[in-house]
Amino acid sequence: MEKKKSEESRPPLMALNHVSRICRDVKKSLEFYTKVLGFVETERPASLDFDGAWLFNYGVGIHLVQVKEEDKLPSNTEHLDPMDNHISFQCEDMEALEKRLKEVNVKYMKRTVGDEEDAAIDQLFFNDPDGFMVEICNCENLELKPRDSADAIHLPGGRHTPPVAIPGRSDRVDGTRLPQTNS
């Protein structure tokens, strides 16, 4: 079977692996991403010789790195502008997330884009402890309509998420078996 031209020219990418964030205080940022957004801290390779933390959940990782030059961080940690750089997470319960933000005293901006006829999208914007903006949305309400060819969109298969080792189990979340050790 002959491959389509779009498949031949497409880079062999699978999915977003991680987003890296520099931070003033790794412990403070780690607490924010785990307690507010539900990320899970994972082990980092021992070969990394700098302060940081790796987090994972929802099919994506966040790598926190202790900043060496604070002037690289946003100067205004209170600024919220939906048209500025941000990372966005799709949410299945916007009310629950808004409640969580209130409980932990995170300042946020709430807005709705579009209307019922136009597939309204609810959005919450807030900053992490270092001033990097985060968006939470119910973007699944919006249908993606490719401008050119629909076959150019590549939806990842099951391999895009790294296998997750669960302590006390001999298999991983992805269903494959972990290597057995001789103890």
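Reckoned from all heavy atoms, side chains included, excluding hydrogens, waters and symmetry mates. Since the structure is predicted, the reported quantities are computational estimates derived from the model, not experimental observations.
- Under the 4.5 Å side-chain heavy-atom criterion for ILVMFWY residues, no single connected hydrophobic cluster contains both Leu37 and Trp54.
- In this structure, the separation between OH on Tyr33 and CG on Leu55 is 9.0 Å, given to the nearest 0.5 Å.
- Annotation for Val67 and Glu69: closest pair CG2-O, 3.2 Å, computed over non-hydrogen atoms.
- From Thr34, atom OG1 reaches atom CD1 of Ile62 across 10.5 Å, with rounding to the nearest 0.5 Å.
- Looking at Phe56 and Val40, their side chains never come closer than 4.5 Å, going by heavy atoms from C-beta outward.
- Once rounded to the nearest 0.5 Å, the distance linking SG of Cys23 with NZ of Lys72 reads 13.0 Å.
- Between His86 and Asp84 the shortest heavy-atom distance is ND1-O, 2.8 Å.
- Counting all heavy atoms, side chain and backbone alike, Ile136 lies closest to Cys91 at CG2-CB, 3.3 Å.
- There is no path of hydrophobic side-chain contacts, each under 4.5 Å, that joins Val26 to Val65.
- Within 6.0 Å of CD on Glu103 lie more than 12 heavy atoms contributed by other residues, nucleotides or ligands.
- Between Pro129 and Thr77, the shortest heavy-atom contact is O-CG2, 4.4 Å.
- Of all the heavy atoms in Glu41 and Leu30, the pair that sits closest is OE1-CD2, 3.5 Å.
- Taking 4.5 Å as the limit, every side-chain heavy atom of Pro82 sits out of range of all side-chain heavy atoms of Gln123.
- For the pair Tyr58/Gln90, no side-chain contact is recorded, criterion being any heavy-atom separation below 4.5 Å from C-beta on.
- When the shell of 6.0 Å around CG of Asn85 is examined, it contains 12 or fewer heavy atoms from other residues, nucleotides or ligands.
- Between His63 and His18, the ring planes are parallel. Angles under 30° get that label, and only those over 60° would be called perpendicular.
- Grouping the Ile, Leu, Val, Met, Phe, Trp and Tyr side chains by contacts below 4.5 angstrom, directly or via other members, places Met133 apart from Val19.
- A donor-acceptor pair under 3.5 Å is absent between the side-chain atoms of Glu135 and the main chain of Leu124, judged by distance alone.
- Of all the heavy atoms in Tyr108 and Glu98, the pair that sits closest is OH-OE2, 2.6 Å.
- Using a 4.5 Å cut-off on side-chain heavy atoms (C-beta onward), Ile87 and Phe132 make no contact.
- Asp130 and Ser29 form a side-chain donor-acceptor contact under 3.5 Å, judged by distance and modelled atom types alone.
- Here the straight-line distance linking atom CZ of Phe50 with atom CZ of Arg44 works out to 5.0 Å at 0.5 Å rounding.
- Going from atom CG of Asn138 over to atom CG of Leu97 covers 11.0 Å, rounded to the nearest 0.5 Å.
- Looking only at side-chain heavy atoms (C-beta outward), Val60 and Phe39 come within less than 4.5 Å of each other.
- With hydrophobic clusters built from ILVMFWY side chains whose heavy atoms lie under 4.5 angstrom apart, Met94 shares a cluster with Val106.
- Using a 4.5 Å cut-off between side-chain heavy atoms of Ile, Leu, Val, Met, Phe, Trp and Tyr, with links allowed through other members, Val134 and Val104 fall into the same hydrophobic cluster.
- The line from NE2 of His79 to CE of Met109 is 8.0 Å long, rounded to the nearest 0.5 Å.
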